[in-house]
Asks: 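Please read through the structure below; I'll follow up with questions.
When reading the values below, keep in mind they use all heavy atoms of this one structure, side chains included, and skip hydrogens, waters and symmetry mates.
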Amino acid sequence: MATKTAVKFLSRQYKELTEKPLLGVAAEPLNEGEDLFHWHGNFFFPHDHPVYAGLCLHFKMDFDSDYPSSSPKVELCTAMRHSHVVDEDKEVHVGISDGVTARQQAEGFACKSCQHTYAKPNPAPQVEEASLQAPGNTSVVPESIPVLSANEYLQRHRLSVIFEELKLQLCQSQPDSPYDFCSEYFKHLSEAPSEVPKAAAALSYDIQCSITGVSFTSPGVVMGIGVEVIPCTRGAAAFQITTDLHPLSYEAFTDGIRLSAGGNRFTHFLPLVINETHWQERACPLSLECIEKIAASAGLADNAEWRRGSDPHCKVCLLVMGELWKGMAVSLMSGHEHASEKALNGFFTIHHLMLALARETPEIQKYATQMVAAFLKDPSRRTKKVTPDLGRFLPMLLLSDYGWADALPNGLVPGRILVQELFTRNAAWILRAHPDLAEVGDRSRESQRHLRSWEPSATGLRLTAFQVRYMLRLPAWCEHLSSPGASNPAVPQQAERHIKQWSMLGLQGGRPSQKMVEFFQAETKKVQGIGSYDVFFQAIGVGSPGQDRLIAMLQEAVNESERLGYHQKKGKGKGGGKGKGGGKGQANGNGGHNSRGR
């Protein structure tokens, strides 16, 4: 299977190189039609290079049978010194004399395998004429060499700017006859705009398979991501789904590729939304099938607990999306700057897919609203038995009719209710660190309860804050980027919120802009620095309850944790502290910071 897949990829890439030759470089199989695993090629330095102007270098590439999961081995046949090549960890300084020496060696080199010589390079590079005629290069200039590549042509005439401006105007105006609109646009166009407008810049994106390089705009291509499913091992709540978000074409997946460009293993394929066309015409028909396969591998297909109820399909969809979401949040805890960029990419990707699924199957949005409403209104629906993992539950807010900071009819706020449940699930962890806090009411102890409780529960609370910061930032991003037609006074506020989010994510191609990434990186640093309950409450946008009320909330959490069996007072029962349903409370209670994630 590996060899067959490698042959398929190499054949296609050779065809692409033949049909669209690269300027300044050429490569081809040594024995075309017989052996695709051994290639030879040539590379020409640009004519204006200060040292190696016009120099022709010969190289060979050897591919393993598991390509493209493994990279080719490249060997430079023409000897030379280069500043990117180090010698015994010492920087190499390249001078004019090195260029003369390299040219002399190149001119004297002849490949015995492919009959390449400096005067007659084989294969002949499709390079710019100026490069071929550089001083000291006597190579024959190939005929019919394209002067400009497609990208260079677009850049020279600023066509990319024109097209992005036109797309923006079409999205904003939404004319009945877009063809007439385009005709009038070009008729009155005297010159290209000086730069791409901010909103139009969001429309300029291309997502390519990280394995094959094929674009999502290519005919018939379904772009997605590879995900790894780790089945249930400790009951229904224990499955995990992770991804490194490297784009992957469905063709690459069906060809047997199971290792991402980042070197991570995956087991399943999940389509991306990207935009309306890609979703409706290609990704949507495949998405539900892929989610069902993921759920089956996770152990949910035949699990009565997750199949119970009138909407098992909706429940499974939201479970899969929730676990992916939780994995993105967990990755933030590494503390690395790139982790916040990956997490934001993940939030955008999963949020976009959740909205797309809900648009295709409205019952998913209704189910999410019902689940959130039950959680907020009925304390018995907040227990681990009913809602085993808050990390998977939290993204349901994005689909439901309830926002994190919305005021409910009874005056309560969803965010405060969720925080109180977090406190209850974190109580067991606090008591492991400070067993004496199990006794509620001692005045000398109570004055320090909020100070001593913070550190044992800080990880889970910060994890929640990361996700809430994304939710709180969404309205500003939507106002800045969603198309004007996204607002409609006749649409209920909750539905309008989802419409604007869909519009914004569509304009972004389901990916955050660089400015969004930079903003979220700054937010991440702030959240990682949260060191008290007061700062935590400020970060999640619900306001600090004050010291007395905070202590009362922590006391209530301890009492509720004991009542539900999440912990037992010291000396009660076997195990001295785990109790019924306890022990693993923080993993399920705060988004699963113990969970494995890439």
Side-chain angles (χ1 to χ4, degrees), residues 3 6-65 67-68 70-87 92 94-149 152 213:
T3 301
V7 168
K8 181 174 182 178
F9 277 101
L10 288 169
S11 298
R12 183 169 63 194
Q13 290 171 347
Y14 179 44
K15 182 181 178 182
E16 290 174 355
L17 279 175
T18 304
E19 295 175 350
K20 300 177 181 179
L22 301 174
L23 296 178
V25 65
E28 64 184 21
L30 186 58
N31 297 308
E32 183 182 348
E34 297 180 10
D35 183 4
L36 287 172
F37 290 88
H38 303 284
W39 292 40
H40 279 228
N42 291 305
F43 169 77
F44 272 78
F45 274 81
H47 68 277
D48 57 351
H49 194 279
V51 178
Y52 298 122
L55 181 65
C56 176
L57 300 178
H58 192 67
F59 61 88
K60 62 181 182 179
M61 295 189 296
D62 295 319
F63 298 86
D64 289 334
S65 60
Y67 179 80
S70 65
S71 301
K73 299 177 180 66
V74 182
E75 179 182 341
L76 185 63
C77 303
T78 311
M80 64 172 293
R81 282 166 57 84
H82 195 275
S83 57
H84 290 175
V85 180
V86 297
D87 182 17
V92 176
V94 178
I96 298 299
S97 61
D98 295 303
V100 175
T101 302
R103 191 177 306 284
Q104 291 173 345
Q105 292 175 334
E107 289 175 353
F109 173 78
C111 181
K112 296 179 180 180
S113 300
C114 68
Q115 286 73 54
H116 160 86
T117 64
Y118 192 75
K120 294 183 179 180
N122 181 35
Q126 301 293 304
V127 297
E128 291 178 298
E129 184 174 346
S131 177
L132 285 169
Q133 297 303 318
N137 188 350
T138 58
S139 303
V140 178
V141 180
E143 296 181 359
S144 304
I145 297 176
V147 178
L148 294 174
S149 68
E152 289 173 328

Asks: Once salt bridge (Lys or Arg N to Asp or Glu O under 4.0 Å) is applied, do any residues pair with Glu75, and if so which ones, sequence neighbours excluded?
Replies: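 Applying salt bridge (Lys or Arg N to Asp or Glu O under 4.0 Å) to Glu75 gives Lys60.
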Asks: For Ala26 versus Phe59, what's the shortest heavy-atom pair and its separation?
Replies: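 Taking Ala26 first and Phe59 second, the nearest heavy atoms are O-CZ, 4.1 Å.
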Asks: Quick one: pull up OH in Tyr67 and NZ in Lys8 and give me the separation to the nearest 0.5 Å.
Replies: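 These two atoms lie 14.0 Å from each other.
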Asks: Between Met61 and Phe37, is there a side-chain heavy-atom distance shorter than 4.5 Å?
Replies: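 No. Closest side-chain heavy atoms not under 4.5 Å.
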Asks: For residues Pro123 and Gly41, report the shortest heavy-atom separation together with the two atoms involved.
Replies: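 Scanning both residues, the minimum pair turns out to be CD-CA, 3.9 Å.
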Asks: Which heavy atom of Pro121 sits nearest to which heavy atom of Cys56, and what is that distance?
Replies: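 Taking every non-hydrogen atom into account, CB-SG, 4.3 Å.
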Asks: Sequence neighbours excluded, which residues qualify as salt bridge (Lys or Arg N to Asp or Glu O under 4.0 Å) partners of Lys112?
Replies: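 Lys112 satisfies salt bridge (Lys or Arg N to Asp or Glu O under 4.0 Å) with no other residue.
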Asks: Classify the ring geometry between Phe109 and His58 as parallel (under 30°), tilted (30 to 60°) or perpendicular (over 60°).
Replies: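 Rings of Phe109 and His58: tilted, as their planes differ by 30° to 60°.
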Asks: In the structure I gave you, are the side-chain heavy atoms of Tyr118 and Thr78 within less than 4.5 Å of one another anywhere?
Replies: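 No, their side chains stay 4.5 Å or more apart.
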Asks: To check you understand the geometry: which heavy-atom pair defines the closest contact between Ala27 and Leu17, and what is its length?
Replies: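 Answer, listing the atom of Ala27 first, then Leu17: O-CD1, 4.1 Å.
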Asks: How about Trp39 and Leu10: do any of their side-chain heavy atoms sit closer than 4.5 Å?
Replies: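 Yes; the side chains approach each other to less than 4.5 Å.
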Asks: Using the side chain to side chain contact (heavy atoms under 4.5 Å, CB included) criterion, which residues pair with Ser11? Sequence neighbours excluded.
Replies: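 For Ser11 the side chain to side chain contact (heavy atoms under 4.5 Å, CB included) partners, ignoring immediate neighbours, are Val7, Leu36.
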Asks: Side chain to side chain contact (heavy atoms under 4.5 Å, CB included), that's the test. Do Leu57 and Leu76 meet it? Break it down for me.
Replies: CA-CA 8 Å; Leu57 300 178; Leu76 185 63; 4.0 Å; yes
Asks: Taking only residues two or more places apart in sequence or in another chain, which ones pass side-chain hydrogen bond (donor to acceptor under 3.5 Å, both in side chains) with Ser70?
Replies: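 Partners of Ser70 by the side-chain hydrogen bond (donor to acceptor under 3.5 Å, both in side chains) criterion, ordered by chain and then number, come out as Asp66.
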Asks: For Asp62, check salt bridge (Lys or Arg N to Asp or Glu O under 4.0 Å) against everything at least two apart and list the hits.
Replies: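 By the salt bridge (Lys or Arg N to Asp or Glu O under 4.0 Å) rule, Asp62 matches no residue at all.
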Asks: Do His116 and Asn42 have side-chain heavy atoms sitting under 4.5 Å apart?
Replies: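 The answer is yes; the side chains approach within 4.5 Å.
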Asks: Walk me through it: do Thr18 and Glu28 pass the test side chain to side chain contact (heavy atoms under 4.5 Å, CB included)?
Replies: CA-CA 9 Å; Thr18 304; Glu28 64 184 21; over 6 Å; no
Asks: When you compare the side chains of Tyr14 and Glu19, does any donor N or O come within less than 3.5 Å of an acceptor on the partner?
Replies: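 No.
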Asks: Less than 4.5 Å apart, any side-chain heavy atom of Ser113 and any of His40?
Replies: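 The answer is yes; the side chains approach within 4.5 Å.
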Asks: Among residues at least two apart in sequence or on other chains, which ones pass salt bridge (Lys or Arg N to Asp or Glu O under 4.0 Å) with Lys20?
Replies: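 Per chain and number, Lys20 pairs via salt bridge (Lys or Arg N to Asp or Glu O under 4.0 Å) with no residue.
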